[in-house]
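Worksheet: the structure to be examined is printed underneath.
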Amino acid sequence: MCGRYTQTQSPERVATQFDLSAVPELSPRYNIAPTQGIPIVRETDAGRDLQMVHWGLIPSWAKDPKMGARMINARAETAAEKPSFRTAMRRRRCLVVADGFYEWQRTAKGKQPFFFYVPDTEGRRSPIAFAGLWETWESAKGEVIPSATILTTAANNRVQPVHDRMPVILPAEHYARWLDPDCQQSAKVTDLLQPFPTDQMATFAVSTAVNNPRQDQPELLEAIALN
DNA sequence: CCAGACGTTGTT
DNA sequence: GTCTGG
DNA sequence: CCAGACGTTGTT
DNA sequence: GTCTGG
């Protein structure tokens with residue numbers, strides 16, 4: 001699955017990577033946790049739009065926005081059918097801006113976190129996009145909360161030793177198809193929801209400091225040796 | 001008809 | 001154990 | 001995802 | 001909102 005991730009790329013780099021019409025305001029995040037604000041990219045009439053939204057999709061019909069707390073991920077295999085996700089799957093697809101994610105390995109000794117990313121030719125973290133869905137919720141008082149969820153798929157061979165699910169990472173050449181608001185048939189985009197190629201990903205173990213969502217500093221991304 | 005659910009994960 | 005908050 | 005709370009009363 | 005269960 002994907003319950004914690006990073007976005008440490010500069011606003012300029014993000015604007016270039018996603019063809020944004022304006023450079024956004026973004027600060028580096030080393031430990032993004034559910035319910036926090038996350039940057040998503042949508043296709044609008046005015047071009048590619050970056051928005052901060054609540055992580056945890058709140059269905060428009062939810063009586064209580066707390067419902068979003070359990071909707072941080074949607075299974076790619078079933079999102080087109082699930083009542084909470086299917087409308088968004090048809091009409092409100094987005095890219096979740098990131099450059100890595102964490103998964104926890106359960107062992108007899110406890111849980112060990114690992115960081116996963118897509119290195120460039122010099123081994124640096126590349127900007128990546130998770131396939132996402134977004135929604136707007138409005139309270140009786142007129143309070144509006146935009147929110148989003150991250151689609152998950154089967155783990156590739158890089159992730160499998162740690163966990164059996166991973167976020168869907170979209171290659172840049174597929175951004176336009178995934179975002180296309182004129183394509184309202186989810187069946188026409190489900191072929192994009194594949195595990196990212198194993199060979200293009202890298203991983204290392206990290207400190208359990210990342211467990212605490214209040215931690216958010218570069219040191220979280222230092223590789224540690226396992227005993 | 002109305003009431004109640006609507007999700008993923010992991011663990012057992 | 002289970003729910004809420006980050 | 002993990003961390004942290006989980007309750008009522010009365011008083012300040 | 002929309003579907004399922006009673």
Side-chain angles (χ1 to χ4, degrees), chain A residues 1-7 27-39 52-92 96 98-117 128 130-140 144-155 159-169 184 186 193 195 203-217 219-221 224:
Chain A
M1 73 168 312
C2 180
R4 219 65 85 74
Y5 72 96
T6 62
Q7 198 316 97
S27 52
R29 309 267 301 278
Y30 297 89
N31 192 7
I32 301 176
T35 73
Q36 295 179 350
I38 60 172
M52 296 301 291
V53 303
H54 174 93
W55 184 12
L57 187 142
I58 307 165
S60 59
W61 40 261
K63 291 181 186 69
D64 187 335
K66 285 177 189 162
M67 184 160 192
R70 286 191 281 183
M71 308 279 188
I72 65 169
N73 292 140
R75 294 176 64 87
E77 299 91 332
T78 56
E81 288 81 45
K82 297 292 184 185
S84 297
F85 301 130
R86 61 188 165 198
T87 313
M89 190 71 180
R90 264 184 270 126
R91 301 202 293 264
R92 285 184 291 279
V96 177
D99 69 351
F101 62 93
Y102 300 98
E103 297 287 355
W104 278 258
Q105 184 178 52
R106 282 162 194 275
T107 70
K109 292 182 180 177
K111 290 177 220 168
Q112 174 60 51
F114 287 77
F115 181 67
F116 293 89
Y117 64 111
I128 58 177
F130 300 140
L133 305 173
W134 66 276
E135 187 59 85
T136 296
W137 180 86
E138 184 170 355
S139 73
V144 172
I145 305 178
S147 63
T149 190
I150 295 170
L151 293 172
T152 64
T153 186
V159 179
Q160 182 62 53
V162 175
H163 195 68
D164 65 349
R165 303 287 296 175
M166 64 182 283
V168 173
I169 299 171
Q184 300 198 352
S186 44
L193 306 178
T203 186
F204 50 80
V206 295
S207 158
T208 53
V210 74
N211 288 12
N212 191 329
R214 285 174 300 201
Q215 300 289 326
D216 182 10
Q217 63 276 358
E219 291 74 22
L220 295 179
L221 291 184
I224 64 161

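Every chain is numbered from 1 and lettered A, B, ... according to where its sequence line falls, protein lines coming before strand lines. The analysis underlying the following values was restricted to heavy atoms, covering all of them including side chains, and did not include hydrogens, waters or symmetry mates.
- Considering only residues two or more places apart in sequence or on other chains, A:Phe130 meets the ring-ring contact (aromatic ring centres under 6.0 Å, His included) condition with A:Tyr5.
- At a non-hydrogen distance threshold of 4.0 Å, A:Asn73, A:Ala74, A:Arg75, A:Thr78, A:Lys82, A:Pro83 from residues 72-83 of chain A come into contact with DNA chain B.
- A:Arg106 has a side-chain polar atom (N or O) that falls below the 4.0 Å cut-off from OP1 or OP2 of B:dT11.
- Ionic pairing of A:Glu81 and A:Arg86 is not present here: no N-O contact between side-chain nitrogen and carboxylate oxygen is shorter than 4.0 angstrom.
- Put simply, A:Asn212 has no side-chain N or O that comes within less than 4.0 Å of OP1 or OP2 on D:dA3.
- When the P atom is used for both B:dC6 and D:dC6, the distance is 27 Å, rounded to whole Å.
- One finds no side-chain N or O of A:Arg214 lying less than 4.0 angstrom from the OP1 or OP2 phosphate oxygen of C:dG5.
- Nearer the 5' end of DNA chain B, as judged by each residue's closest nucleotide, is the contact made by A:Met67, out of A:Cys2 and A:Met67.
- Close to B:dT9, at under 4.0 Å from its OP1 or OP2, lies a side-chain N or O of A:Arg165.
- The same atom, P, is picked in B:dA5 and in C:dT4; the two are 15 Å apart, to the nearest Å.
- The phosphate of D:dC1 (OP1 or OP2) has no side-chain N or O of A:Lys111 nearer than 4.0 angstrom.
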Could I get a table of every N or O pair under 3.5 Å where one atom is in the protein and the other is in nucleotides 1-4 of chain C?
none

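- With 3.5 Å as the limit, one finds no donor-acceptor pair spanning the side chains of A:Gln112 and A:Arg106.
- A:Thr107 is linked by a side-chain contact (heavy atoms from CB on, under 4.5 Å) to A:Gln105, A:Lys109, counting only residues two or more places apart in sequence or in another chain.
- For A:Phe101, the ring-ring contact (aromatic ring centres under 6.0 Å, His included) criterion is met by A:Phe116, not counting sequence neighbours.
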Q | Canonical and wobble pairing (Watson-Crick, G-U, under 3.5 Å) of DNA chain C, dot-bracket with | | A | ||||||

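- A side-chain donor from one of A:Thr152 and A:Arg165 sits under 3.5 Å from a side-chain acceptor of the other.
- Contact check, A:Arg29 against C:dG6: no side-chain N or O comes under 4.0 Å of OP1 or OP2.
- Taking the C1' atom of each, C:dG1 and D:dT9 are spaced 27 Å apart, rounded to whole Å.
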